[in-house]
Every structure is written in structure tokens, then in C-alpha cells.
There are 4 protein chains.
Amino acid sequence: MENNKENKFERILNAAIKVIGNKGFHNAKIKDIAVEADVADGTIYNYFQNKEDILVTIFKIKLEEYVNNAKKEIANIIDPKEKLKVLIKYHVKIMTDNPDLAKVLQIELRQPHVELRVKVRKNLRNYFRVIEEVIEEGKKNNIFSPELDVYLAREMFFGTLDEVISTWVFTGMSRDLTLYIDKIYDMFLKAFN
Amino acid sequence: MENNKENKFERILNAAIKVIGNKGFHNAKIKDIAVEADVADGTIYNYFQNKEDILVTIFKIKLEEYVNNAKKEIANIIDPKEKLKVLIKYHVKIMTDNPDLAKVLQIELRQPHVELRVKVRKNLRNYFRVIEEVIEEGKKNNIFSPELDVYLAREMFFGTLDEVISTWVFTGMSRDLTLYIDKIYDMFLKAFN
Amino acid sequence: MENNKENKFERILNAAIKVIGNKGFHNAKIKDIAVEADVADGTIYNYFQNKEDILVTIFKIKLEEYVNNAKKEIANIIDPKEKLKVLIKYHVKIMTDNPDLAKVLQIELRQPHVELRVKVRKNLRNYFRVIEEVIEEGKKNNIFSPELDVYLAREMFFGTLDEVISTWVFTGMSRDLTLYIDKIYDMFLKAFN
Amino acid sequence: MENNKENKFERILNAAIKVIGNKGFHNAKIKDIAVEADVADGTIYNYFQNKEDILVTIFKIKLEEYVNNAKKEIANIIDPKEKLKVLIKYHVKIMTDNPDLAKVLQIELRQPHVELRVKVRKNLRNYFRVIEEVIEEGKKNNIFSPELDVYLAREMFFGTLDEVISTWVFTGMSRDLTLYIDKIYDMFLKAFN
DNA sequence: CATGAATGAGGATTCATTCAT
DNA sequence: CATGAATGAATCCTCATTCAT
């Protein structure tokens, strides 16, 4: 029972990721999501307040999950450079493993709707913090330049990966992005030095 | 007067940039644009095929303008490094001078609607080509590493700037971005080396 | 305890009177009534056929009760005038003691839904009959004018009381209506003479 | 043009009176009103803010009209008794001439929805004032008892007529109500004496 | 009998687009 | 060309009712 309910929540959430990822928020109809989740339209409203709440929840749940796992991935690593590489790998892996989620994050991150963006962006900040902490650490250990601007470095880190994923998503997701990881890593290392 | 002489096409286009920039494409109503342009709803359809065409035209006209001017800016410069710096400056200048346009480009670049996105991205490619040519040139002149992946370098260039602008736009456009130009430039130089 | 022993049928019925009285039939949700009665939504359907049936039952049960008690009140009175006064008193007392019920009767008596109204009005006729019998009796005893139109007299009796209660209900139920009883009684006596 | 617009507003208003009168506010669908008025659904929203606004406007326009005409009817009459009779006649005439409007007034006057009722009741007060002024005048001229409670007299006047109309409406509108006018008038005269 | 999650039909409202003036 | 009233398709959400547990 508990399980079943959990199940339905996740089913709707994943259906929403798929549908919103493919059609975009505004073109994703509640009916589409309901059909994809194999529930009635009304059932969605037993789990979400309204359509917007679905989007916000996707960001909340999925980014939380992402950040927690990213933290775990680098937890036992000492070298900040190695941490950076793992973060790149993880970013690319998650996005290429979940292209629909990638699309939702790519696309709907840029909502102009103020309230919505605030809610959505809030969840992203935790990820930014993880990146910045690694960069800070690298600075302290003299691995990165003491003059490196942490904020800009993080923008470069996220911006570059985001753009690479974005291009990948918007060109049919055919390329194998793992091939670029080492090159991206090298560029970051040099840039941060 | 000056304002009245400005032809209607431009008035509508600029009104659309303002409204779409602030509300996003889907929340921008034709009526909003008409009011902003001080024309009747129907008049818009004498200049544009439909709502989508307005967005496509913004990208077409404004990116064309942008690319042409960017080309001019670097036309008389010989040093690829200097060209890179000018491109950064120009990118930042245009976006901070036209925040509404910046928002439209930022936001609607990630159109989920496939056909629309294809039309919109098409115009961006010319800008990408300009960047890539500068990088290529730098490689040839041994200013950038011969092993530099041009595609990735361009992704880093555009992705980083895009992210910096995006953060600026979405945090209230208060910061003075020109202060970052030199730092960003230095990071690119190192990364491309 | 006392409250818990009160059987569910009555709990639901009274909850319905409260909720429908405050929100009106169409704005009263089954869930509201269920919450007020402290039962599950589905439980209501073990005691009532459907939402409409609740309203019909309120009229049936409460008006039956009302008419029976009204009859008892005047059973041992001989003077038709005195009976009239008691009926006025009783009408005012019941309605002011049960403002939620008063609201339901006031409001839903005017159901536009034909079938529903027929069912609802049917129960009112017994009350009309009681009033008319007292007036008839008064005519026979030469206490009221032999030319008095019984139907109109009853309309005046009920219409006036209904309007007085209605105004009272819709102006916040602050006034003390018992102060008006004698005056209303006097006006009826004169009108019926 | 002006005329045409005026026309459409009235067409929708009258269609709404007809449909709401027959089905009640909650069962009257916007589509029903649109079909009856021979306009598109959306057109209604060019003239009214929303569904509720239609109802409120009916009360506002029609009661204003009613009160103005009622005032005119009694403007040249000196005898308060005669004024009372004319008011009765006029009330009955308007309601029997416009049974759909009568139903709307009868039925929707008792909405429990607080905000709605406030708006609706506000328009009724002007009619109450007219009645009360006539009764006041009758008291001053010693035609009605100096002890007559004006408020109660007005409640009786309106309540009785309202109930008579209500019964007429709810029993198929077959009876000829003009036959009752003299009798009602006589009862009021006696009651107010 | 009691529960409350699931259902899905139904409807008010929005808004891009048209076209008569 | 300009207008803006009219259109009507499209969709989010509500809520009475059911039924498996």
C-alpha cells in the first residue's frame, strides 16, 4: 500500500519528466502525463497541487538526489583535481543516462516566470556550492591558482558542461560524451591554474 | 516623433523583445505586445505570420545584426587573442546593453518545440562559426595548443559567457560584468593553451 | 461520548445542514460534509443515495419533525388566534435556534432544478396545510373575515415570516426576533379581519 | 456599430436571464447562454468579467430599471394608498411579464455565497426604500397606523408579494395573478391600519 | 460497515487568429 | 494598411461517486 502510493508518485513524476522533457512544460498536457503514468487525470492532483508543482517537484527531488549522490561520489577522494574529474564524469553520466531529465533541467531552468524560477533555482544552488567547495579546496592546496575567482570558475565549470549537454541534447543525443571528459578536464585544469 | 517615425515593424519587434524577455514566449500575449507597440492586435499579423514567427524573426534579425557587428569589431585585429578579448567584450556589452534581448536569447534558445528550436538555433550557428574561426586561427598561429578541440573550446567560450550572463540576468542585473572580462579572458587563454 | 453515540446518520445529516447552510448546496462539497461529520467520504454513501438525497432528506426529516411539533404545540389550544400566535412563535423559535437549518430551508427552497424542487417543496405542503387549517377554522368561527382568501392569507403568513427570517439570516442574525412577534401577530390579525 | 455593441450586450444579458431563470445559476452553462444569445462562448467575456459578473449585472441593471420605473409609476400619485396599489400592480406585472427574470430574482436572491449576496442585495435595497417611503408617508398622513412598524410592514409587503410570485413561478405560472391584486391590497390596508 | 485513493466527465476561461469595416 | 470585436478550440482542474481493502 505504502509502496503502491510511493509507486504512483514516482510513476507520475517520471512520466512528467518524460513528457515535459520531450514537449516542454507548456506543451505538456496533464492528460499526456496521466496517460504516460497510466493513471487518471485527477489522480495527478492527489499527488501534486497543480501543474507547476510537478515541475518544481522534479527539480526539488531530482536535484536533491543529484547533489547527494555527487557528494557521495567525491566523499572519499582527497585530491581536489580528482574530485573535479569525478564531478564532470558524474554530471555527464547522469545527464546522458537520463536524457529526458537532462532536457527538463536544460529547458525549464530558464523559465522567466519569476516565482517559478526562484523555486527552481534554489535547488540548483546546492550543486553550485559543491562545485565551489572543491574549487576552494584546490585553491587552499595550491593546486589551483590563488588568484582564481571561485565564482567565475564555477560559472565556467557549470556553463561549459551545461552547454555541452545542451548541444548534445539538441542535436539528437547521438555523440558519446564520455569521450570528451578528459579533454574538458584538461581545459578546466589549465584554466584554473 | 522620432518614435512615431520608427516603422511599425521595428516597433513591434522591439515590443516583442521587451514582453517576451520579461514574460517568456508562452506567457507573452499578442495583446501585450500590441499594447507595448501601441498598435492593434491585428496589425501584428500584417508584419508577422504568427506568434512563432515573431520569435524566429527576433533571432534572425538580432543575431544577424550581432554576428555582422561582431565580425566588424574583429575585422581589423590581427592577434587571435585580441580578437577573443573583443568578442568577450562585445558579447558582454550587447547583452548588458539589451537585457530584454539577453533574456529572450537566454530563455528561448532552449525551446523544447523541435521545429521552432531548429529555426532558432540555425541563426546561432553563424556566431559559433565566428568563434570557431578565431580559435582555429589561434591554433594555426601556435597561440593556442595544437591539440585544442575547437568544438569544445567554443562550447566553453559560449557556455561560460552564456552562464555568466544568465546568472547576471536572473539575479537582477545589478553587478557590473565588465569587471569580469579580464578574468574570463585570462581563464580562456589558459584553457586554450 | 454523547456525540460519538449519536448515530452516523444524524451526524452526517447535521453536518450537511451546517455546511449546506453556510455554503449553499452547490458549493458544499461532499468532502466538507464528511470532514464536518468526521467520517470518510465514502461513508456518506452508505447512508444517502447521493448528494441530492442529502438535501431532500434534510427537508423530509426536518420539516416532518417541524410539522409534527407545530401540530403538538397547537393541539390543546382552542382559539384560532392563539394558535396563529403560537405558530408564529414556534416558526421564529425554530429558525433562530437553528440558523443553519434556517439557511438551508431559506436558500434551497428555491431550487431551480425542477425535479429536486418538487421533492423539496412537497414536504413544505404539510406545513402550509397546518397554517391553512388554522385560518379556515378562524373563518368558520367568525374570528377572521368570511371573505378572507385562505390561500392568500397563508401566503402572507408564510411569506412575511420567511422574509423576516431571511433578512435576519442575511444580516448577521444579530437582532432579537422575538421582539417582533407581537407586532407581526397584530398585523396578521388585522389583515385577516 | 455603437448600436450593435449595445445590442450584443443586451442579447447576452437577456439570454442569461432566460437560461439562468430556467436552469439556475449553477446549472446554466456559459455555452447555453452563448447559444441562446447566438454568440461564441468567448464573446461573452468581451462583455462580462466572468460568469458571476453576468448574474450581478442582471441584478444591477434590471433592478435599477425596475426601481426607476416604479418611482415613475407613483410619481404623480398623491394618495399613499393608491401608491401602494400601483406598486403591487407593478410588481406583479413586471414579474408575470418577465417570468424568466422573476425566476432569476426569486432563486438567486438567496445565494449563500457571501460576496455575491452582498452585491445582489445592495441593488434590492433601493426597492425597499421606495416601499418604505410610501409607508412612511401613509403614517404621516394618518392613513396608516402611527404605531405601524415601517420595517415590518415592508417585510410583509415584499415577503407576501415575493411568496405569491414564487408560488406562481414554481407551480407553472398558470394562474392569473392580477385577480389577486385587489385582495392583497385590501389585506395590506387592513394590516397597516 | 468504514475507508479514502482513484476515477474521468464536465466546464469556465484564455488567447491566437480572422476579417468586416 | 489599421483596427479590435468575434471566434471557438483547447486545457487545467474540480469533485461526486465507486470500490478494493
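None of these values were measured; they are calculated from a predicted model. Protein chains get the first letters and strands the later ones, always in sequence-line order, with residue 1 at the start of each.
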- Item | Dot-bracket line, read 5' to 3' along DNA chain E, where crossing pairs take [ ] and | marks a partner on another strand, Watson-Crick or G-U under 3.5 Å | .||||||||||||||||||||
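Contact annotation for C:Tyr47: backbone-only contact, meaning every heavy-atom pair under 4.0 Å involves sugar-phosphate atoms and none involves a base.
Listed by chain and residue number, nothing satisfies the side chain to side chain donor-acceptor pair (under 3.5 Å) test with D:Asn14 (two or more places apart in sequence, or in another chain). The side chain to side chain donor-acceptor pair (under 3.5 Å) search around C:Asp32 returns C:Lys23, not counting sequence neighbours. With sequence neighbours excluded, no residue forms a side chain to side chain donor-acceptor pair (under 3.5 Å) with C:Lys51. A search for side chain to side chain donor-acceptor pair (under 3.5 Å) contacts involving A:Asp38 returns nothing, not counting sequence neighbours.
Relative orientation of the D:Phe9 and D:Tyr47 rings is tilted, given thresholds of 30° and 60° on the angle between their planes.
Between D:Ile12 atom CD1 and F:dA5 atom P the separation is 13 Å, expressed in whole Å. When the P atom of F:dC12 is taken as reference, atom NE2 of A:His26 falls 10 Å away, rounded to whole Å. Going from atom CG of B:Asn27 over to atom C1' of E:dA16 covers 14 Å, rounded to whole Å. At whole-Å resolution of the value, NZ in D:Lys51 and P in E:dT14 are 15 Å apart. For the pair C:Ile20 CD1 and F:dA16 P, the interatomic distance rounds to 10 Å; values are reported in whole Å. Taking atom CZ of residue D:Phe48 and atom C1' of nucleotide E:dA12, one finds them 15 Å apart after rounding to whole Å. Rounded to whole Å, the distance from CZ on A:Phe25 to P on F:dT11 is 14 Å. Atom NZ of B:Lys23 and atom P of E:dC15 are 9 Å apart (whole Å).
Between the side chain of D:Asn50 and the backbone N or O of D:Asp53 there is at least one donor-acceptor pair closer than 3.5 Å.
Residue B:Lys8 has a polar side-chain atom (N or O) positioned under 4.0 Å from OP1 or OP2 of F:dA2. Taking 4.0 angstrom as the limit, C:Asn50 places none of its side-chain polar atoms (N or O) nearer than this to OP1 or OP2 of F:dA16.
A salt bridge links C:Asp41 with C:Lys31: the distance from a Lys NZ or Arg NE/NH1/NH2 to an Asp or Glu carboxylate oxygen falls below 4.0 Å.
Proximity of residues 29-45 of chain D to DNA chain F (heavy atom under 4.0 angstrom from any strand atom) is restricted to D:Val39, D:Ala40, D:Gly42, D:Thr43.
Between A:Asp100 and A:Lys103 there is a side-chain heavy-atom pair separated by less than 4.5 Å.
Rounding to the nearest 0.5 angstrom, the gap separating the CZ atom in B:Arg11 from the OG1 atom in B:Thr43 is 9.0 Å.
Of all nucleotides listed (F:dC12, E:dT7, F:dT3), F:dT3 comes nearest to the side chain of B:Asn46.
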